[in-house]
Protein chains: 2
Amino acid sequence: MPREVGARSPRSRPLRQSPSMADVAAMAGVSSQTVSRVANNRENVDASTRERVLAAMKMLGYRPNTAARALVTGRFGTLGVISFDISAYGNARTFAAISDAAREADLFVNFMGARAQTGAAVRQAFQQLMVQSVDGIILIESQILDTPELRLPSTVPVVFADGDTGHRYANVDIDQAEGTRSVVAHLLGLGHRTVWHVAGPRDSYAARRRAEAWHRSLKDAGSVVPPLLYGDWSATSGYRAGRELAGRPEVTAIFASNDQMALGVMRALQEAGRRVPQDVSVTGFDDVPEAAFFPAPLTTVRQDFDAVGRHCVTLLLEQIGGGTGSPRQASVAPVLVVRESTAPPAG
Amino acid sequence: MPREVGARSPRSRPLRQSPSMADVAAMAGVSSQTVSRVANNRENVDASTRERVLAAMKMLGYRPNTAARALVTGRFGTLGVISFDISAYGNARTFAAISDAAREADLFVNFMGARAQTGAAVRQAFQQLMVQSVDGIILIESQILDTPELRLPSTVPVVFADGDTGHRYANVDIDQAEGTRSVVAHLLGLGHRTVWHVAGPRDSYAARRRAEAWHRSLKDAGSVVPPLLYGDWSATSGYRAGRELAGRPEVTAIFASNDQMALGVMRALQEAGRRVPQDVSVTGFDDVPEAAFFPAPLTTVRQDFDAVGRHCVTLLLEQIGGGTGSPRQASVAPVLVVRESTAPPAG
DNA sequence: CCCCCTGATGTTAACGCAAACATCCACGCG
DNA sequence: CGCGTGGATGTTTGCGTTAACATCAGGGGG
């Protein structure tokens, strides 16, 4: 009397499962170990045998099973990427570059968004990614507080892209200070007495470094350092800051910490009847593709996000492969792009 | 006589490997199967036992091994996402939403960039992702030619986000036609005789549908259909088209297929001395966060990318889970946002 | 001519987990 | 009071792959 469960034929799944090495081996008349060798491009396989195996693979449409391979090798061939706001231009570009570089290195990319720009959120994302599924992790524009509790588990190679430095992890960095200096120098060189700054959010390391570099550059030049305004990267926040600045006649030059905020600043100035660049010079940071088409084509600092992404993967690969020595740093130089939003002060 | 290989102690790796279920089982004094049950939140475990196991897990820092689990279950708990230009705002936002929804469903996200916006490139990315590592695939703004050779392998659930429809895959779609109609109706309603269109690239399905809807809307309204201009989504291409249009005095209303191109168009008009919106009305599509801060705050169509992303995951989960019936479609309605870049024609 | 070395190939044994099946215990009902 | 029932738990097995070791054939030097 057949039980109803029996109908399903417990172990012999007749539905065309994807073929395994054993299937290929059978077809090629070799052992599955030889198939494995061919699949992994080992040298010690006879040319004719290899050919036969390859043919069988093709015939059967064989694909190696990543899980089985990962189980035995302990490697996933996957790299994890953590970022907070992936729809922000710079982060997206960096991510795209990482993804391209990873593909070239035959690595998959596992993305995990951080819920917030906090050490805790980053750590949570990190933990999730750590669940054995990745060989290395790249954090885009993330900061971590290097306190013992927030320290990341160290069993996996880590690279920070444009994030917090000064800790024990590898880092690919855009030289924020240099970019900032070039902006400030450009504006002071045009004859402005000083430069006002609309900073990015306090919890962004990049924003903080730009603000610090702005401060130091002005001090070094002997200019007075005006009060700092904060935004949150959005054009809206730039607009808000711009309204405030538009009310002060002494403001002749504004350095916004990114291009979106610069756009908002320009809009506020326009509404207040102050012309850019005749009355006020405005600069940004990033050089988004639209910057040249802003109300006044924007003088800004171009960041090479592609280079950042590529370097990240390189550094990660180094750690995964060798693991020799201390984690390396890499730096990418930004370049000042002068357009029409800056000019000598009136009068 | 010890061989030199012996120094490495073949099987007993003393280096602290991550603990397995067996370790947890030993510590908790249960079988590893019970640990498995606890790890998978099964009902049939005694409360006290469960507690003991959980404690042991915590103590040992146990993390389930994804590879082993995948090997035995045949599921990876991972979903693949394919997109061409992930740094484009809409794609990035959709991707972010997918990633969030996936996390909530305890799924990982594996991203694979398509090298180009072609069926072949998409298929290649698809193949790579198929290498057993994903349970389902979402394609963002991709089109495929539904010819036999380009047909995707069908062993994995697939959802298209805002991509080619009219094939046998599930689809989440922004109602491009409706959004376009609302723009055209708005402009005609203001009194414009007709509306010029700067379309997105020919290989974009979204662009094509907007162009078609524009064409039909004009025809339906009895307006003459002016020649179509093509861009590539970039502000630069919008600028180029804008220069051409600025030279034609009969142009009073322009519908650009996205906001970046609208910005370029506005810039070109401004350079030509034609004011927006007094002389020419301009609209975009997308409603990027900066749109409100363009030289003239942009009238545009807001797309709910978050909804698209979430629907994608839902539909994919349905396919993975049930697989019942034919793949479903979902549609997201866009909404017209009227700002200051549109006005009645002069005179 | 024999031995040892080299390169190709096969065999065995995990990797860590969950499905299927087996076992055990306590409880309730006839 | 015995037996069936159902829930908790244990045992066995195999997922597809690679590392390690075993085997085998051929070739060159003493």
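Note that these values count all heavy atoms, side chains included, but never hydrogens, waters or copies made by symmetry. So that the names make sense, note that chain A is the first sequence line, chain B the second, and so on, each numbered from 1.
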Next item on the list: State whether the distance check finds a donor on one side and an acceptor on the other, under 3.5 Å, for side chain R37(A) versus base dG10(C).
Entry: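 Side chain to base: pair present.
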Starting from [atom2] on [N], measure out to [atom1] on [X] and report it in whole angstrom.
| X | N | atom1 | atom2 | result |
| --- | --- | --- | --- | --- |
| E43(B) | dG6(D) | CD | P | 18 Å |
| E51(A) | dA8(C) | CD | P | 15 Å |
| M21(B) | dC15(D) | CE | C1' | 15 Å |
| R42(B) | dG10(D) | CZ | P | 16 Å |
| F76(B) | dC17(C) | CZ | C1' | 13 Å |
| Q33(A) | dT12(C) | CD | P | 13 Å |

Check: Given dG16(D), is OP1 or OP2 found less than 4.0 Å from the side-chain N or O atoms of R69(A)?
Finding: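 Looking at the OP1 and OP2 atoms of dG16(D), neither is under 4.0 Å from any side-chain N or O of R69(A).
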Students often get this wrong, so: under 4.0 angstrom with heavy atoms, is [X] touching a base, only sugar-phosphate, or nothing?
| X | result |
| --- | --- |
| R50(B) | nothing |
| T34(B) | sugar-phosphate |
| V45(B) | sugar-phosphate |
| R75(B) | nothing |
| N65(A) | sugar-phosphate |

Checklist line | Polar side-chain atom of R328(A) near backbone of L315(A) as donor-acceptor pair, under 3.5 Å | finding: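 No; zero donor-acceptor contacts below 3.5 Å.
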Check: Under 3.5 Å, side chain of R63(B) to main-chain N/O of Q127(A), donor-acceptor pair present?
Finding: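 Checked: no pair found.
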Notebook entry, point to check: Taking all non-hydrogen atoms of both residues, which atom of A67(B) and which atom of L71(A) are closest, and how far apart?
Noted result: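 Scanning both residues, the minimum pair turns out to be CB-N, 3.7 Å.
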Check: Mapping D46(B) and L71(B) onto DNA chain D by nearest heavy atom, which one lands closer to the 5' end?
Finding: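 The residue closer to the strand's 5' end, by nearest nucleotide, is D46(B).
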Item checked: Earlier contact from the 5' end, DNA chain D, for A39(A) and A68(B) ->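 By nearest-heavy-atom nucleotide position, the 5'-most residue is A68(B).
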Nearest listed nucleotide, side chain of [X], among [options]:
| X | options | answer |
| --- | --- | --- |
| S36(B) | dA19(D), dA18(C), dT17(D) | dA18(C) |
| S31(B) | dT11(D), dT18(D), dC17(C) | dT11(D) |
| N44(A) | dA18(C), dG16(D), dA8(C) | dA8(C) |

Margin query: Which label fits F111(B) and F95(A): parallel for a plane angle under 30°, tilted from 30 to 60°, or perpendicular past 60°?
Written below: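 Plane angle between 30° and 60°, so tilted.
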Check: Which sits closer to the 5' end of DNA chain C, N40(B) or T49(A), going by the nucleotide each is nearest to?
Finding: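 Nearest nucleotide further toward 5': that of T49(A).
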Check: Salt bridge check: are R50(A) and E43(A) linked by an N-O gap of less than 4.0 Å?
Finding: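 Not counted as a salt bridge, because no side-chain N and carboxylate O are separated by less than 4.0 Å.
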